[in-house]
Number of protein chains: 4
Amino acid sequence: MPAFTLAFRSGRRMHNCPIKRWSRRKAARPQEILEAALDVFAERGYAAAKIEDIARHAGVTRGTPYLYFKNKEEIFAALIRELLLPKIAFGESLMAEPGLGAGERLRRLVRAWWSEVGATRLSALPKLMIAEARNFPEVAQLYHDEFIAPGQALLQRILEEGAASGEFRAVPADPAVHVISAPIVMLMIWQHTFMPCCIGHEVDPELYLDTLLDLLLRGLSTHPASA
Amino acid sequence: MPAFTLAFRSGRRMHNCPIKRWSRRKAARPQEILEAALDVFAERGYAAAKIEDIARHAGVTRGTPYLYFKNKEEIFAALIRELLLPKIAFGESLMAEPGLGAGERLRRLVRAWWSEVGATRLSALPKLMIAEARNFPEVAQLYHDEFIAPGQALLQRILEEGAASGEFRAVPADPAVHVISAPIVMLMIWQHTFMPCCIGHEVDPELYLDTLLDLLLRGLSTHPASA
Amino acid sequence: MPAFTLAFRSGRRMHNCPIKRWSRRKAARPQEILEAALDVFAERGYAAAKIEDIARHAGVTRGTPYLYFKNKEEIFAALIRELLLPKIAFGESLMAEPGLGAGERLRRLVRAWWSEVGATRLSALPKLMIAEARNFPEVAQLYHDEFIAPGQALLQRILEEGAASGEFRAVPADPAVHVISAPIVMLMIWQHTFMPCCIGHEVDPELYLDTLLDLLLRGLSTHPASA
Amino acid sequence: MPAFTLAFRSGRRMHNCPIKRWSRRKAARPQEILEAALDVFAERGYAAAKIEDIARHAGVTRGTPYLYFKNKEEIFAALIRELLLPKIAFGESLMAEPGLGAGERLRRLVRAWWSEVGATRLSALPKLMIAEARNFPEVAQLYHDEFIAPGQALLQRILEEGAASGEFRAVPADPAVHVISAPIVMLMIWQHTFMPCCIGHEVDPELYLDTLLDLLLRGLSTHPASA
DNA sequence: CATGAATGAGCCTTCATTCAT
DNA sequence: TATGAATGAAGGCTCATTCAT
């Protein structure tokens, strides 16, 4: 998964910014700290991540994160709010595109989900959020309301469209969206859990997603032979 | 999910037991402490769980857990080793039963998985293990080798049998077992993540599993109409 | 120094005691516990010595020492009082013996000191007492008044006798007794400090004492050529 | 022993120093903490010394020692390594001085030993090291190899020189150096053991050393009348 | 008498957070 | 803005001591 390490930093350079280099640096600090926090939280989890490690990863020292974030919890919350939540927007554009079958839409949604989040360092956040949801209910609520729920709403609309058009069988919406999204989330989790420790065989994300879509589309289709 | 709260009987109060209360403790203590640890780890995660909380949950004081476990990490490891790993045995018996179609076997495996682990307080352990795998690689290795791998081997045998008998399509084994098991693991995770906080709508496990099996068996079947 | 390990247990058996074996055992317990404590304190020092180790050394369990001693400090105090202080008695008999020159008396005192204490497991006690004097002033006071002071009084009497008879030069009594006794105490300390760790070359006690007496007697003598 | 309390200037208060109080600390802290540790270890011994006491003695709080030392044991080791071992250097210069008789050299060595270490707060370290040698074998080894052994080598060279020049009798080197150094070490120990508790009469170090040298030089001399 | 399970005070150590520079 | 020395609350763990058996 070569895109994994490259995808994240893109689009944040400001080559033509007239302000002097130093204050540009200043402006970038919160982002840099969040990215560092993402790395360290991903590796150690929330509690075992030390602020100093995050600071060092960001190239600053112990006190600096506190210039931009009230405390550790706020860094965590900002991680979700600033980095992850905006990513949900990609879904809207997908649904806006007209003239696509439900199957095709589902395919595109899954692939976009992967390329926007799963193949990115952001893929550490679902695991982190899951691990800490009960310790930080407000963040969990935010994550659910602004990320999970909209994502599942997209899925649900696709299922409804497919059912309406006769392309998909009717399945109970609520459990279905969970069932469908679960393997994608688990793939992200898996990548941050066992693969970095060289535990177990590698899972190839592309093949995994192909297999997932193959099973899902056949499973949903009213004309399985053609799926 | 009514079974959830009932399945894991603590046995901590036995007023009518003729054996003396005090002398019985010695034998029962490790179990009681592990069950308490399961609760507290499930609620807070490893790092945020205090030994004293675990002790109090078990009805003892700070020092007592250390009479039975070397330290906090050993409690965690024992949780996996003593409580979770034995549960994998149920799979063998399932495969031993003769004369079942692959679809039926898959159904039974999923349901057994749920009743043995998912509907139990043990269902907190996959989430805990996922969150802490990188902090405790040896425990993660153990969990993978003794729980995940055998479980996936079962699934793989079912897929192979189904393909051999013509009941299932041929699918790439490796990603398929991940894809198939992912929703079950995610259901356990979900129950310990968002449902206890009253975040998001409840997910009914039975309906979820029905939907999952419905989608999977259709997706795998060579004669989808009859799945 | 083969006597070292053997000297201590001697003379405590009660073969002809009519009481039954069990109550004899009972009667011997405090002694056994003190001897065990001596071993463990010698090896680890007061604070690092665990009551359970002492108990195990004595062949009993955690609670038993508390049947005979109020607490850890009392075990330490009893060690000094019961085992060490009685040993000072040997000096009286030495002084009682008539018709000895001061030099010969000094020789006998040093050798008796060594055989009665230095070559014994009791030789651990001066080091222990020194290390803990400031934490247990009452015990230190006892040790000083009942062991050090009488011992130094013996020495002083010898020096005075020697000076009176013209065998010894006149030396300031107070510092002299310290100077003379110091090497003997240091030999005991050395044996319990660096020799058990195989650190540094061994010191042969007999040769050490010979050299000490040689230097001392020459140093004290009014006719050094004949010393 | 008036030098005793004065010799080890802590330098902890420098009100008229123009450098800012706060920025100066960083450089001075390790020294300050070691000196505080020296005091507290001397008073209580290793195990009974609390890090918080050391910190408070140094004018800082619980966490600060850990900014400079990994743990309690490292503070102990640093005490030996940083404060005591350098003191052994004084011996070299003594031996370098030409044209001195062996007796005069021995006199100077003993007096230097006393002024450099014995009359200093450092004199607590031999007692501490003796008490803890078996609990910290590596530190004991270091202490032996870098402090005891070089010191004894100096003594041995003096004895050999004296024997070669005919000033001293021939005495077995190995026990002799132990015997000769023992009273000096015991004087240090004594000062930190019974004198602070007002137990027993005071020992005047100067008189003690005079007496020691008198006895030793007479004891070693081939012409005792002139010693 | 003896046991050993249990207690709980106490200490070492960590680390989020502050603040003087 | 940034630093990093210092703080001090908090938690893991030990072990002297107790007491029900």
Side-chain angles (χ1 to χ4, degrees), chain A residues 22-23 25-27 29 47-56 59-75, chain B residues 20-29 47-55 58-73 75, chain C residues 22-23 25-27 29 47-56 58-75, chain D residues 19-29 47-55 58-73 75:
Chain A
W22 188 72
S23 65
R25 213 180 153 61
K26 191 176 66 170
R29 272 287 140 78
K50 299 178 221 172
I51 292 286
E52 185 169 12
D53 288 345
I54 294 173
R56 210 177 1 247
V60 295
T61 54
R62 252 234 246 4
T64 306
Y66 290 91
L67 298 175
Y68 301 100
F69 303 96
K70 194 172 137 238
N71 54 29
K72 198 179 179 183
E73 178 173 352
E74 284 307 307
I75 293 177
Chain B
K20 302 114 193 175
R21 189 183 147 278
W22 197 69
S23 64
R24 215 187 337 93
R25 306 316 273 266
K26 170 65 184 299
R29 273 286 139 77
K50 298 178 231 171
I51 291 286
E52 186 166 12
D53 289 343
I54 293 173
V60 295
T61 54
R62 275 226 286 301
T64 305
Y66 293 95
L67 299 177
Y68 302 98
F69 303 96
K70 197 173 136 241
N71 53 31
K72 197 179 179 184
E73 178 173 353
I75 293 178
Chain C
W22 188 73
S23 65
R25 212 178 154 63
K26 189 175 69 171
R29 272 288 142 76
K50 298 178 222 173
I51 292 286
E52 185 169 13
D53 288 345
I54 294 173
R56 212 182 355 252
V60 296
T61 54
R62 252 235 247 1
T64 306
Y66 290 91
L67 298 175
Y68 301 99
F69 303 96
K70 195 174 135 237
N71 54 29
K72 197 180 181 183
E73 179 174 353
E74 285 306 306
I75 293 177
Chain D
I19 317 172
K20 303 113 193 175
R21 189 181 147 279
W22 197 70
S23 65
R24 216 187 336 93
R25 305 317 272 267
K26 170 66 184 299
R29 274 286 139 78
K50 298 178 230 172
I51 291 287
E52 185 167 11
D53 290 343
I54 294 173
V60 296
T61 54
R62 275 227 285 298
T64 305
Y66 292 92
L67 299 177
Y68 302 99
F69 302 95
K70 198 175 134 239
N71 54 28
K72 198 179 179 184
E73 179 173 353
I75 293 178

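Per chain, numbering begins at 1; letters A, B, ... match sequence-line order.
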| query | If you check every side-chain atom of C:Leu67, which of F:dT17, E:dC1, E:dT17 has the closest atom? | reply | E:dC1
| Taking the nucleotide of DNA chain E with the closest heavy atom to each, which residue, C:Thr64 or D:Lys72, is nearer the 5' end? | C:Thr64
| message | Minimum heavy-atom separation for D:Lys72 and D:Ala47, please, with both atom names. | response | NZ-O, 3.3 Å
| query | For C:Ala49, which contact category applies under a 4.0 Å heavy-atom criterion: base, sugar-phosphate, or nothing? | reply | sugar-phosphate
| request: Using a heavy-atom cut-off of under 4.0 Å over every strand shown, decide if A:Ala55 touches base, sugar-phosphate, or nothing. | output: nothing
| message | Can you work out whether A:Gly63 or B:Ile51 has the more 5'-proximal nearest nucleotide on DNA chain F? | response | A:Gly63
| message | Assess the residue pair D:Ile51 and D:Ile75 against the criterion (side chain to side chain contact (heavy atoms under 4.5 Å, CB included)); give the C-alpha distance rounded to whole Å, side-chain angles, the decisive distance to 0.1 Å, and a yes or no. | response | CA-CA 10 Å; D:Ile51 291 287; D:Ile75 293 178; 3.9 Å; yes
| said: What is the distance, to the nearest angstrom, from the CG atom on D:Asn71 to the C1' atom on F:dG12? | reply: 15 Å
| request: Name the pairing partner of E:dC11, where a pair is Watson-Crick or G-U wobble with both distances under 3.5 Å, or state none. | output: F:dG12
| request: Could you check which of F:dA2, E:dT14, E:dT3 has an atom nearest any side-chain atom of A:Tyr68? | output: F:dA2
| query | How many Å lie between CD1 on A:Ile75 and C1' on E:dA16, as a whole number? | reply | 10 Å
| query | For D:Tyr66 and E:dT14, is the shortest distance between a side-chain N/O and OP1 or OP2 below 4.0 Å? | reply | no
| note | Scanning all shown strands, the Watson-Crick or wobble mate of E:dT18 with both distances under 3.5 Å is F:dA5
| said: By nearest atom, which of the nucleotides F:dG11, E:dC12, F:dC13 is closest to the B:Lys50 side chain? | reply: F:dG11
| said: Would the base of F:dT7 count as contacting D:Arg62 through its side chain, where contact means a donor and an acceptor less than 3.5 Å apart? | reply: no
| field | Heavy-atom closest pair, residues B:Thr61 and B:Ala55 | value | O-CB, 3.5 Å
| task | On DNA chain E, check which nucleotide each of D:Glu52 and A:Ala47 is closest to and give me the residue with the more 5' one. | result | D:Glu52
| To the nearest Å, how far apart are A:Asp53 CG and E:dT14 P? | 13 Å
| field | Rounded distance (nearest 0.5 Å) linking atom CZ of B:Phe69 with atom CD1 of B:Ile54 | value | 9.5 Å
| said: So if I take every side-chain heavy atom of C:Arg29 and compare against F:dT3, E:dC11, E:dA2, which nucleotide ends up nearest? | reply: E:dA2
| request: Rounded off to whole Å, could you give me the CZ-to-P distance for the B:Phe69 and F:dG12 pair? | output: 15 Å
| Can you tell which of F:dG4, E:dA16, F:dC13 lies closest to the side chain of A:Thr61? | F:dG4
| task | Report the C-alpha distance between D:Arg29 and D:Leu67 in whole Å, list the side-chain angles of each, state the deciding distance to 0.1 Å, and finish with yes or no for side chain to side chain contact (heavy atoms under 4.5 Å, CB included). | result | CA-CA 9 Å; D:Arg29 274 286 139 78; D:Leu67 299 177; over 6 Å; no
